[in-house]
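Take a look at the structure set out below.
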Amino acid sequence: NMSPMKLCVPGDRLCSTEDCMPGTGVYLRHGYIYSSLAGYVLRKNEGEELPVISVVRETEAQLLPDVGAIVTCKVTSINPRFAKVHILYVGSTPLKDRFRGTIRKEDVRATEKDRISLGDVQSNYLLTTAENELGVVVAHSEAGAQMVPISWCEMQCPRTHAKEFRKVARVQPEYLQA
């Protein structure tokens, strides 16, 4: 749950330790959490009882995933309704913090692209691969080999030649060097 960002300066009292847990860019004194940086106050619910409060510098704040940003994610779990992911890059910039996201089954195809927005379920971003060029960049087959895209909807295992259906990303070459 990402609240709109508030600016602060070093020494600003942000909240009591009863309401928040300290993250980065803050320090504790007498039961309160204070900013140790000039920057933006960030509250993230990580699923713990209390939100984690951090302060990030202005330059880092621009790297937060925003509506319309192209992100690179790693899928962490899948069920029939949605995939859970960790967001690793915004554009081509790696993120230091771990942001979680969800891709719902209905958002994989291009039917409902306009309804995608930032989710707020435990700082979850709601993601879509509905644009033509978005989709799976790297996949591993059952045999453990990195699969090769053979069309926009199929990838093939180089070892067993088994094919699996995936919505394949049309990847810009500069991403592949990373």
Side-chain angles (χ1 to χ4, degrees), residues 1-2 21 23-25 40 42-49 51-52 54 56-57 59-178:
N1 180 341
M2 315 269 294
M21 297 198 310
T24 55
Y40 289 95
L42 203 62
R43 289 168 69 109
K44 274 172 71 180
N45 289 352
E46 288 288 2
E48 285 90 15
E49 304 79 79
V52 175
S54 299
V56 295
R57 289 197 171 81
T59 48
E60 294 169 19
Q62 289 149 8
L63 297 180
L64 295 173
D66 199 0
V67 178
I70 303 283
V71 296
T72 304
C73 307
K74 179 178 186 171
V75 174
T76 53
S77 67
I78 289 188
N79 70 33
R81 293 197 329 275
F82 55 82
K84 290 198 148 138
V85 301
H86 283 149
I87 301 173
L88 307 177
Y89 288 83
V90 173
S92 54
T93 309
L95 294 177
K96 286 212 295 267
D97 274 324
R98 185 165 270 180
F99 291 94
R100 285 195 282 244
T102 303
I103 305 174
R104 299 180 310 193
K105 182 175 140 225
E106 60 268 29
D107 296 329
V108 170
R109 299 267 182 255
T111 49
E112 312 222 333
K113 322 198 226 254
D114 300 330
R115 299 229 331 260
I116 304 303
S117 65
L118 292 185
D120 53 1
V121 199
Q122 294 185 356
S123 81
N124 241 340
Y125 286 90
L126 207 49
L127 307 172
T128 175
T129 57
E131 304 283 336
N132 280 341
E133 58 275 12
L134 304 181
V136 175
V137 180
V138 177
H140 291 87
S141 68
E142 307 245 320
Q146 187 166 321
M147 299 180 80
V148 180
I150 50 176
S151 74
W152 70 273
C153 64
E154 279 185 303
M155 287 190 151
Q156 185 170 32
C157 172
R159 277 190 217 153
T160 62
H161 302 294
K163 293 179 187 173
E164 293 181 22
F165 283 107
R166 292 283 198 287
K167 181 178 186 289
V168 178
R170 201 186 303 145
V171 180
Q172 271 60 46
E174 67 266 17
Y175 277 115
L176 294 173
Q177 269 99 54

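- Looking only at side-chain heavy atoms (C-beta outward), V136 and V168 stay at 4.5 Å or farther from each other.
- Taking each heavy atom of P149 and M147 in turn, the nearest pair found is CD-O, 4.0 Å.
- The 12-atom threshold is not exceeded at CD of E142, counting heavy atoms of other residues, nucleotides or ligands nearer than 6.0 Å.
- Residues that satisfy the salt bridge (Lys or Arg N to Asp or Glu O under 4.0 Å) test with E164, not counting sequence neighbours, are R166.
- Side chain of T76 to backbone of K84: a donor-acceptor contact under 3.5 angstrom is found.
- Atom CD in Q146 sits 10.0 Å away from atom OG in S141 (nearest 0.5 Å).
- Side-chain N or O atoms of Q156 include none that pairs as donor or acceptor with a backbone N or O of V148 at under 3.5 Å.
- Residues passing the side-chain contact (heavy atoms from CB on, under 4.5 Å) test with A162 are T160, sequence neighbours excluded.
- The structure places CZ of F165 at 8.0 Å from OG of S151, a figure rounded to the nearest 0.5 Å.
- In this structure, the side chains of R104 and R81 stay at 4.5 Å or more apart for every pair of heavy atoms.
- R100 has its side chain within reach of H86: a pair of non-hydrogen atoms, C-beta onward, lies under 4.5 Å apart.
- Heavy-atom minimum distance, G23 versus S54: CA-OG, 3.4 Å.
- When V52, V56, T24 are each tested for a side-chain contact (heavy atoms from CB on, under 4.5 Å) with L42, only one passes: V56.
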